[in-house]
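All remarks here apply to the structure that follows.
Whatever order the structure lists ligands and atoms in, that order sets their numbers, starting from 1.
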Amino acid sequence: MKSELLTAMREAGGYVSGGELSKKLGVSRTAVWKGMQKLKEEGYRIAAVPNKGYFLTESPDILNADELASLRKTAWAGKEIIYFEVTDSTNIQAKRLAEEGAPHGTLIVAGRQESGRGRRGRFWESPEGSGIFMTIVLRPDFYPGQASMLTIVAAMAVAKAIRTSLSLPAQIKWPNDIILNGKKICGILTEMNTDIDTIHYVVIGIGINVSNESFEGEAAAIATSLFRESGAEVSRSALIEAVWEQFESYYESFCGAGDLSEIQEEYNDYLVNKDRQVRILDPKEPFCGTAKGIAENGELIVETEHGVRRVSSGEVSVRGIYGYV
Ligand code: ATP
């Protein structure tokens with residue numbers, strides 16, 4: 001009911017009467033009034049004027065399932081939302097729910113993670129209220145070999161959402177770190193359960209630094225947040241919605257083409273490493289070269305002294321010659 005009230009007030013864009021709301025939602029006026037009290041307690045600013053009705057004047061940075069549902073414009077991404085105030089990691093929860101049969105598009109969101117992880121089991125700093133910690137469950141019907149490209153689809157969605165909804169020049173460090181002013185604002189961890197020719201499910205975890213003022217340990221040298229870079233007070237819920245809207249559109253292009261050919265050019269425009277010297281930290285054989293962009297399958301094309309090499313993500317990390325990018 002709270003999410004329906006929020007949606008109705010947002011659609012009205014001004015005052016909407018208690019009578020109209022009770023008719024629309026099929027509940028009594030008293031129920032509407034009680035719902036409004038609850039929303040106010042949660043921090044929404046709602047003006048209530050006799051003979052005019054209710055007006056949602058301000059939505060602070062509130063994150064919960066009702067708020068997310070009331071903002072949702074996507075067709076399938078986040079159709080089911082599971083919200084945890086605190087959890088171990090949204091990827092762990094997503095994998096558990098996928099094993100239990102959660103449908104394609106189920107979205108898990110947390111206010112805080114106690115054991116957020118990046119690639120190779122590395123720690124992901126996930127303090128309360130400061131970031132977006134979310135994971136989507138996908139059940140694609142393409143081949144397992146194509147699934148690793150989804151991480152690039154997700155990176156495009158985050159970069160584009162930040163660019164369009166916040167007007168900030170987000171870039172991508174291959175394959176899927178989102179960079180703002182040379183520092184990392186978002187990490188993505190894609191995991192999957194497949195057998196030889198079938199994908200059972202894929203989970204894509206996305207951590208975005210929104211209002212962090214500082215970072216600890218290893219992250220201190222490379223991380224930043226949207227607030228630190230722009231001073232902007234960002235609504236986490238609105239940004240989550242923007243990410244999944246973009247994701248649906250890129251996912252459709254990807255599924256239609258069967259590879260990244262329709263996304264490749266835009267991705268390369270966002271690539272922070274493009275035409276720059278990079279170090280490829282391949283555990284077997286590190287090397288340097290100039291990054292030229294991605295191929296249709298997401299591999300990074302690198303020009304070296306000994307010819308062109310194509311790098312697939314897996315265990316590899318990319319760094320700039322003098323620093324992180
Ligand atoms: P790279 O290839 O650049 O090493 P990665 O994709 O392997 O990146 P991730 O899995 O995205 O790395 O993230 C793990 C790393 O990110 C950790 O080693 C840590 O230093 C750093 N980190 C941890 N928390 C955060 C955070 N909140 N914001 C930015 N960076 C973080």
Task: Protein contact to atom 6 (O) of ligand 1 [nearest heavy atom, distance to 0.1 Å] - done: Arg119 NE, 3.1 Å
Open item on the list: As an exercise, state the distance from OG1 of Thr74 to CZ of Phe247, rounded to the nearest 0.5 Å.
Closed with: 11.5 Å
Open item on the list: Tell me the protein heavy atom at minimum distance from atom 20 (O) of ligand 1, and give that distance in Å.
Closed with: Glu218 OE1, 3.2 Å
Open item on the list: Distance under 4.0 Å to a non-hydrogen atom of Ser317: what atoms of ligand 1 satisfy this?
Closed with: 1 (P), 2 (O), 4 (O)
TODO: Tell me which protein heavy atom sits closest to atom 23 (C) of ligand 1, plus the residue, atom name and distance to 0.1 Å.
DONE: Phe123 O, 3.2 Å
- [ ] For ligand 1, note which part of Tyr324 has a heavy atom under 4.0 Å away: side chain, backbone, both or neither.
- [x] side chain
Task: Per-residue contact class, Asn209 against ligand 1 - non-hydrogen pairs under 4.0 Å - done: side chain
Open item on the list: A side-chain contact here means heavy atoms from C-beta on lying under 4.5 Å apart; do Glu42 and Lys2 qualify?
Closed with: yes
Task: atom 21 (C) of ligand 1 - nearest protein heavy atom and its distance - done: Ile222 CD1, 4.0 Å
Open item on the list: On a heavy-atom basis, which atom in Ile206 and which in Cys186 lie closest, and how many Å separate them?
Closed with: CG2-SG, 3.8 Å
- [ ] Decide whether a cation-pi geometry holds between Arg228 and Phe215; the criteria are a distance under 6.0 Å from NZ or CZ to the six-membered ring centre and an angle within 45° of the ring axis.
- [x] no
TODO: Give the residue and atom name of whichever protein heavy atom lies nearest to atom 13 (O) of ligand 1, and the separation in Å to one decimal.
DONE: Lys184 NZ, 3.3 Å
TODO: Enumerate the atoms of ligand 1 whose separation from the nearest heavy atom of Ala223 is less than 4.0 angstrom.
DONE: 28 (N), 29 (C), 30 (N)
- [ ] Using the side-chain hydrogen bond (donor to acceptor under 3.5 Å, both in side chains) rule, take Asp259 and Gln264 through it: C-alpha gap first, then chi angles, then the decisive distance, then the call.
- [x] CA-CA 9 Å; Asp259 61 22; Gln264 188 182 14; over 6 Å; no
TODO: For ligand 1, indicate whether the residue Arg117 contacts it via side chain, backbone, both or neither (heavy-atom separation under 4.0 Å).
DONE: neither
TODO: Please report which non-hydrogen protein atom sits nearest to atom 24 (N) of ligand 1, along with the residue it belongs to and the distance in Å to one decimal place.
DONE: Glu125 N, 2.9 Å
- [ ] Could you tell me whether Lys160 and Glu266 make a salt bridge, using a distance below 4.0 angstrom between a side-chain N and a carboxylate O?
- [x] yes
- [ ] Decide whether the shortest distance between a heavy atom of Lys183 and an atom of ligand 1 is less than 4.0 Å.
- [x] no
Open item on the list: Pairing donors with acceptors under 3.5 angstrom, does anything connect the side chains of Thr151 and Arg119?
Closed with: no
Open item on the list: We want to know whether Ser115 and Asp88 form a side-chain donor-acceptor pair, criterion being a heavy-atom distance below 3.5 angstrom.
Closed with: no
- [ ] Please verify whether a non-hydrogen atom of Lys173 lies at under 4.0 Å from ligand 1.
- [x] yes
- [ ] Identify, for atom 31 (C) of ligand 1, the protein heavy atom at the shortest distance, and state residue, atom and that distance.
- [x] Trp124 CZ3, 3.4 Å
TODO: Determine whether the side chain, the backbone, both or neither of Arg122 has a heavy atom under 4.0 Å from any heavy atom of ligand 1.
DONE: side chain
Task: Atom indices of ligand 1 within 4.0 angstrom of Arg120 heavy atoms, with elements - done: 7 (O)
Task: salt_bridge(Glu80, Arg72) N-O dist < 4.0 Å - done: no
Open item on the list: Any salt bridge linking Glu100 with Arg96? Criterion: basic side-chain nitrogen under 4.0 Å from a carboxylate oxygen.
Closed with: yes
Open item on the list: Could you check whether Arg117 pairs with Glu191 (Lys NZ or Arg NE/NH1/NH2 to Asp/Glu carboxylate O, under 4.0 Å)?
Closed with: no
- [ ] Determine whether any heavy atom of Asp177 lies closer than 4.0 Å to an atom of ligand 1.
- [x] yes
